[in-house]
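Ligands are counted one by one from 1 in listed order, and the atoms in each one are counted from 1 as well. Keep in mind that what you see is a predicted model, and the values were worked out from it rather than measured.
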Amino acid sequence: MSKLWYPMINQSKCVGCMACYDKCKHGVFTIANDKPKVIHREGCVEGCHGCGNLCPQKAIVYSGDFKRVIKCSCNDD
Ligand code: SF4
Ligand code: SF4
């Protein structure tokens, strides 16, 4: 099953404060090498920014949060 919405952690920015791990009640994260790691992306709630909003490093982005503008040449004359 594909799932579009889930958090992605920039490990180079993450300082291991665990605010994201402590926030989420859906089993999305585990701890590996003293930092959170996403192991259950299907548990993440569509549109939730709960963990990312708490991150002091702004190290979390969401896979479905990118807005793209796609120019289709089919409309060109
Ligand atoms: S966005 Fe919400 S549901 Fe998803 S991992 Fe973060 S706190 Fe959990
Ligand atoms: S809240 Fe941010 S800095 Fe803290 S553990 Fe999570 S990703 Fe790392």
Side-chain angles (χ1 to χ4, degrees):
M1 169 181 142
S2 70
K3 174 96 166 49
L4 182 62
W5 189 269
Y6 54 88
M8 298 181 292
I9 299 173
N10 183 331
Q11 294 291 340
S12 66
K13 288 184 177 178
C14 176
V15 293
C17 72
M18 299 301 168
C20 56
Y21 178 86
D22 291 340
K23 172 68 177 177
C24 189
K25 309 301 183 199
H26 300 280
V28 174
F29 300 106
T30 190
I31 298 172
N33 298 320
D34 297 323
K35 288 187 177 180
K37 178 182 178 184
V38 175
I39 56 161
H40 181 51
R41 62 174 62 171
E42 291 82 5
C44 185
V45 179
E46 180 85 22
C48 179
H49 288 84
C51 52
N53 287 343
L54 288 177
C55 179
Q57 296 295 108
K58 302 199 181 322
I60 299 176
V61 297
Y62 298 92
S63 66
D65 213 8
F66 301 107
K67 295 181 174 56
R68 297 183 197 166
V69 176
I70 300 172
K71 186 178 186 317
C72 177
S73 60
C74 292
N75 292 321
D76 293 346
D77 289 326

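- A single hydrophobic cluster is seen to contain both M18 and V28, as judged by linkage of ILVMFWY side chains at heavy-atom distances under 4.5 Å, directly or through other members.
- From the protein, the heavy atom lying nearest to atom 1 (S) of ligand 1 is C48 O, 3.2 Å.
- With ligand atoms numbered from 1 in the order given, ligand 2 contributes 1 (S), 2 (Fe), 3 (S), 7 (S) to contacts under 4.0 Å with heavy atoms of C55.
- Residue contacts with ligand 1 for Y6 are absent, since no atom lies close enough (heavy atoms, distance under 4.0 Å).
- Residue Y6 is not grouped with residue F29 when hydrophobic side chains (ILVMFWY) are merged at heavy-atom distances under 4.5 angstrom, including chains of intermediate members.
- Each of the atoms 4 (Fe), 5 (S) of ligand 2 lies under 4.0 Å from some heavy atom of M18.
- The shortest contact between atom 3 (S) of ligand 1 and any protein heavy atom is with V45 N, 3.4 Å.
- With hydrogens left out, the protein atom closest to atom 8 (Fe) of ligand 1 is C24 SG, 2.3 Å, a heavy atom.
- Between the SG atom of C14 and the CD1 atom of I60 there is a distance of 7.5 Å, given to the nearest 0.5 Å.
- Close contacts of ligand 2 with P36, meaning ligand atoms under 4.0 Å from a residue heavy atom, involve 5 (S), 6 (Fe).
- Counting backbone and side-chain atoms alike, C17 contributes no N/O/S atom closer than 2.8 Å to atom 2 (Fe) of ligand 2.
- The nearest heavy-atom contact from the protein to atom 6 (Fe) of ligand 1 is C51 SG, 2.3 Å.
- Ligand 2 places these atoms under 4.0 Å from at least one heavy atom of C20: 1 (S), 5 (S), 6 (Fe), 7 (S).
- In L54, neither the side chain nor the backbone holds a heavy atom less than 4.0 Å from any atom of ligand 2.
- Applying the 4.0 Å criterion to heavy atoms of I60 picks out, from ligand 2, the atoms 7 (S).
- Here the closest heavy-atom approach between residue A19 and residue L54 is recorded as O-CD1, 4.1 Å.
- The backbone N or O of N53 sits nowhere less than 3.5 Å from a side-chain atom of K23 that would complete a donor-acceptor pair.
- Nearest to atom 4 (Fe) of ligand 1 among the protein's heavy atoms is C44 SG, 2.4 Å.
- Ring orientation note: the planes of Y62 and H49 are nearly perpendicular, at an angle over 60° on the 30°/60° scale.
- N10 places a side-chain N or O within donor-acceptor distance of the main-chain N or O of S12, the cut-off being under 3.5 Å.
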